[in-house]
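Below, all heavy atoms of this structure are taken into account, side chains as well, without hydrogens, waters or symmetry copies.
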Amino acid sequence: MYLINNCYKQLILLAHLAEDSGVRGCMIFKPYGLDIWENIKTKLNYLLKKTGHNNFYFPLLILKSKLKKEFNHMKGFAKECAIVTHSSLKLKNRQLIIEEESKLKNELIIRPTSEAIIWDSFKKWIKSYRDLPILLNQWSNIIRWEMRPRFFLRNSEFFLQEGHTAHSTKKEARRHCKKILNLYKYFIEEILSIPVIKGRKTKLEKFAGANTTYCLEALMQDGKALQIATSHFLGKNFSRSFNVKYINKKGIYKKVWGTSWGLSTRLIGAVILTHSDKYGLILPPQIAPIQVVIIPIFKTNDYFNIKILANLVDKLSLCLKQNQISFRYDNSPKYRPGWKFNESDVQGIPIRLTIGKQEIEKGKIEVFRRDTRKKTDYKITKLKNNLIVLLKQIQRNLFKRALILQNKFICKVNNYKEFKQILNTKGGILSSHWDGSTSIEKQIKKETSASIICIPSINKKEIGKCIYSNHFSKQRVYFAKSY
């Protein structure tokens, strides 16, 4: 386990994922970090298009008058909004100041999310039942002023995948909402190797403007939970606010049912907190920009073996390309092999191949697995098939390890004293009874810093007494301290 509290940011810097920008809550994505996000984006985009969604792009700026149409939505995001009030600056005494005459009559909001502008467009696009359903997806950047910024987990600006759909019936909208949650679950578990808990949020924790928020929660190595994806059933809230209606088959006007759902670059933070160790990142092969690094070991004046090595690497490179395995041949003379080994560890490259004079003579290559840190010699002639198998094994092993940790951290607690003791020592996810009261939920959070992360989907109805109030409770919920 990586020392998360002290080293999380340091690891991000050492692995060349991102760095500070000088603007609070905003970071500079470096190529390696952006490549990870691009891999995530490419694979998820394929799944979304396969399920009938079309990519759109809506403006970054939203009229303030549009945002305030849905009251609960506006109320939820009001404190996080960045506002554009003027259109220009001027130079005065070598200082840039606001041009007061450029004050906007209609102030603009830099989007904290896109429901307002999209539902304003839905009003123009939807007239008949024939126009439904509409299934939109947008890859965007978002601004939400963050009080306690942290790389990837909480940023003022971040990349967001957000979906927005409109439907003719409640049943269809809710079904689509759950379908997306299951798609997210598949993606996060199969591609990121992170086990997730499926559930729904309480009234206090749900998305501003939603009737119901379904969620996926993941447990990090330090025993804290991380909300990793959400899917919102909006009901008719936005169609009422924006007057979005259609004529059904019987010629009757009806309001539209809606959903919205999304995930963000927080996924990269989840990968770091789930899979890293004291040596650095461990990236699942499915999202690793470099799946295999080849490090040669040779003496600069050993021209004969250098030539043999070059021929061998050429053949190996061709084999990797043909099998769509991404790789890097690190033959730079600037650094010694030991430095290169350490660098590949920090960057979490799944497999490292070491080739030197001894390997050439034996007809074998040393293969190092980043997840287990085990070295094995493989015959060069059989390397291709072994690498394909190894990458799949690493992907599965990372998920298996994370799932074992998650199960270890989930426990049933029926006593409030024990509840607080566990939270203050090892943390984890506590399955406890709750009476359904928002005031009790707030009080527990105030006293312990733990919130109800979700009402789990697998929950069985179980009669009991609330962990705090001792009142009647019909089910257990999951409490945890969260990022």
Practice prompt. Give a yes or no on whether Ile458 atom CD1 has more than 12 heavy-atom contacts from other residues, nucleotides or ligands under 6.0 Å away.
Written response: no
Discussion item. Between Glu462 and His433, is there a side-chain donor-acceptor contact under 3.5 Å, judged purely by atom types and distance?
Written reply: yes
Anything under 3.5 Å between a donor and an acceptor, one on a side chain of residues 183-190, the other on a protein residue two or more places apart or in another chain? List them.
{"residue": "Tyr184", "atom": "OH", "partner": "Gln161", "partner atom": "OE1", "Å": "2.5"}
{"residue": "Tyr184", "atom": "OH", "partner": "Gly262", "partner atom": "N", "Å": "3.3"}
{"residue": "Lys185", "atom": "NZ", "partner": "Glu189", "partner atom": "OE1", "Å": "3.1"}
{"residue": "Lys185", "atom": "NZ", "partner": "Glu189", "partner atom": "OE2", "Å": "3.4"}
{"residue": "Glu189", "atom": "OE2", "partner": "Val196", "partner atom": "N", "Å": "3.1"}

Discussion item. For Thr165 and His167, which I'm curious about, is there any donor-acceptor pair between the side chains at under 3.5 Å?
Written reply: yes
Worksheet item: Does the side chain of Asn182 come under 3.5 Å of the side chain of Lys198 through a donor N or O and an acceptor N or O?
Response: yes
Discussion item. Quick check on Lys255: does its NZ atom have over 12 non-hydrogen neighbours (other residues, nucleotides or ligands) under 6.0 Å away?
Written reply: yes
Practice prompt. Establish, from distance only, whether the side-chain atoms of Glu146 and Ser156 form a donor-acceptor pair under 3.5 Å.
Written response: no
Worksheet item: For Tyr468 and Glu441, does a side-chain donor sit closer than 3.5 Å to a side-chain acceptor?
Response: no
Fill in: Under 3.5 Å side-chain donor-acceptor pair for His471 and Ser473
no
Worksheet item: Using 4.0 Å as the upper bound for N to carboxylate O, is an ion pair formed by Arg370 and Asp277?
Response: yes
Fill in: Evaluation steps, side-chain hydrogen bond (donor to acceptor under 3.5 Å, both in side chains), between Thr213 and His232
CA-CA 4 Å; Thr213 290; His232 315 293; 2.9 Å; yes
Worksheet item: Within 45 degrees of the axis of the six-membered ring of Tyr8 and under 6.0 Å from its centre: does Arg150 put its NZ or CZ there?
Response: yes
Worksheet entry | Geometric cation-pi criterion Lys123 and Phe242, 6.0 Å radius, 45° cone | no
Discussion item. With a 4.0 Å cut-off on N to O distance, would you call Glu157 and Arg24 a salt bridge?
Written reply: no
Worksheet entry | For Leu273, the option from Leu153, Leu219, Ile268 that meets side chain to side chain contact (heavy atoms under 4.5 Å, CB included) | Leu153
Item to complete: Can you sort out the partners of Glu205 under salt bridge (charged side-chain N to carboxylate O under 4.0 Å, His left out), two or more places apart, ordered by chain and number?
Response: Lys445
Worksheet item: So does Lys103 pair up with Glu99, basic N to acidic O under 4.0 Å?
Response: no
Worksheet entry | Side-chain donor-acceptor contact under 3.5 Å, Arg266 with Gln227 | no
Worksheet, complete the sentence: The reported gap from CZ in Phe159 to CH2 in Trp37 (rounded to nearest 0.5 angstrom) is 8.0 Å
What pairs of donor and acceptor atoms, side-chain ones from residues 405-413 against any protein atom, are under 3.5 angstrom apart with sequence neighbours left out?
{"residue": "Gln406", "atom": "NE2", "partner": "Pro195", "partner atom": "O", "Å": "3.2"}
{"residue": "Asn407", "atom": "ND2", "partner": "Leu403", "partner atom": "O", "Å": "3.4"}

Worksheet entry | Geometric cation-pi criterion Arg200 and Tyr214, 6.0 Å radius, 45° cone | no
Discussion item. Looking at Lys236, I'd like to know if its NZ atom is crowded, meaning that more than 12 non-hydrogen atoms belonging to other residues, nucleotides or ligands lie closer than 6.0 Å.
Written reply: yes
Worksheet item: Crowded around Trp139 CH2? As in, over 12 foreign heavy atoms under 6.0 Å?
Response: yes
Item to complete: Of all the heavy-atom pairs spanning Leu61 and Ile110, show the shortest one and how long it is.
Response: CD2-CG1, 3.9 Å
Item to complete: Give a yes-or-no answer on whether the side chains of Gln421 and Tyr416 include a donor-acceptor pair shorter than 3.5 Å.
Response: no
Fill in: Asp20/Lys9 ion pair, N-O < 4.0 Å
yes
Discussion item. With a 6.0 Å cut-off (strictly less than), is the heavy-atom count around OH of Tyr57, excluding the residue itself, greater than 12?
Written reply: yes
